[in-house]
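For reference, positions follow the sequence shown, starting with 1. All values below were derived from every heavy atom in this structure, side-chain atoms included, with hydrogens, water molecules and symmetry-related copies excluded. The structure presented is a predicted model; accordingly, all values stated were derived computationally and were not measured.
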Amino acid sequence: MTIREIANCLDARMLCGEDRMHETVTSACCSDLMSDALAFIHENAALLTGITNAHVVRTAGILDLKCVIFVRGKVPPDDVLEMAREHGLATMTVNKTMFTSAGLLYEKGLRGAPMCWPCREEAES
């Protein structure tokens with residue numbers, strides 16, 4: 001799914017990175033905990049979050065994410081958007097909950113990042 005298709009699906013407003021609308025996103029993750037994002041997201045992904053601080057952009061840079069989707073109509077401060085521009089990160093805001101946004105993307109075929117779960121025996125020891 002391209003960033004343009006994501007924006008259209010969510011009826012999102014682009015905040016920066018309009019020049020990256022043609023790029024392909026291969027998976028998505030919803031998290032307000034950047035430690036979870038670091039643990040579970042793979043490159044070429046989109047992050048849906050309600051967090052609007054600089055840590056989100058730093059995390060996106062570390063993970064080589066394609067875009068960040070700020071849910072619940074949130075818009076980060078100008079300094080965070082400037083940092084996103086410097087990193088070449090597409091960002092958008094959507095007036096939907098994280099749950100609804102994820103559901104719409106899933107319905108259009110975008111899936112979550114594959115996770116490796118420990119087997120039951122390892123989890124109990």
Does the side chain of [X] reach to within under 4.5 Å of the side chain of [Y], using non-hydrogen atoms?
{"X": "Leu105", "Y": "Ile6", "value": "yes"}
{"X": "Leu15", "Y": "Thr93", "value": "yes"}
{"X": "Leu110", "Y": "Glu5", "value": "no"}
{"X": "Phe70", "Y": "Met92", "value": "no"}
{"X": "Leu48", "Y": "Ser31", "value": "no"}
{"X": "Val56", "Y": "Leu47", "value": "yes"}
{"X": "Leu104", "Y": "Lys96", "value": "yes"}
{"X": "Ile3", "Y": "Lys66", "value": "yes"}

TODO: Report yes or no: does Ser27 contribute a side-chain atom to a donor-acceptor pair with the main-chain N or O of Ala45 at less than 3.5 Å?
DONE: no

Open item on the list: Determine whether a donor-acceptor pair (N or O, by modelled atom type, separation under 3.5 Å) exists between the side chain of Arg111 and the backbone of Tyr106.
Closed with: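 Pair found, side chain donor or acceptor close to backbone of Tyr106.
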
Between [X] and [Y], which heavy-atom pair has the shortest distance, and what is it?
{"X": "Val80", "Y": "Ala54", "answer": "CG2-N, 3.6 Å"}
{"X": "Cys9", "Y": "Lys108", "answer": "SG-CG, 3.6 Å"}
{"X": "Met98", "Y": "Gly50", "answer": "CE-N, 4.0 Å"}
{"X": "Ser101", "Y": "Val94", "answer": "OG-CG1, 3.7 Å"}
{"X": "Ala102", "Y": "Cys30", "answer": "CB-SG, 3.6 Å"}
{"X": "Cys67", "Y": "Val25", "answer": "SG-CG2, 4.4 Å"}

Task: All side-chain hydrogen bond (donor to acceptor under 3.5 Å, both in side chains) counterparts of Thr100, not counting sequence neighbours - done: Thr97

Open item on the list: Using the side-chain hydrogen bond (donor to acceptor under 3.5 Å, both in side chains) criterion, which residues pair with Thr49? Sequence neighbours excluded.
Closed with: Asp32

Task: Residue Arg4 excluded, over 12 heavy atoms near CZ under 6.0 Å - done: no

Open item on the list: Strictly by side chain to side chain donor-acceptor pair (under 3.5 Å), give each pair with a member in residues 52-63 just once, sequence neighbours left out.
Closed with: none

Open item on the list: Going by side chain to side chain contact (heavy atoms under 4.5 Å, CB included), name the residues that satisfy it together with Asn95, two or more places apart in sequence or in a different chain.
Closed with: none

Task: Residues forming a side chain to side chain contact (heavy atoms under 4.5 Å, CB included) with Glu18, sequence neighbours excluded - done: Met14

Common cluster, [X]/[Y], ILVMFWY with side-chain heavy-atom separation under 4.5 Å:
{"X": "Val71", "Y": "Phe99", "answer": "no"}
{"X": "Leu63", "Y": "Ile69", "answer": "no"}
{"X": "Val75", "Y": "Ile51", "answer": "yes"}

Task: From Thr2 atom OG1 to Asn8 atom CG, the distance as rounded to the nearest 0.5 Å - done: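 With rounding to 0.5 Å, OG1 (Thr2) is 7.5 Å from CG (Asn8).
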
TODO: Find the distance between CE (Met83) and CG (Leu89) and round it off to the nearest 0.5 Å.
DONE: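 Output value for this atom pair is 11.0 Å.
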
Task: Set of salt bridge (Lys or Arg N to Asp or Glu O under 4.0 Å) partners for Arg13, sequence neighbours left out - done: none

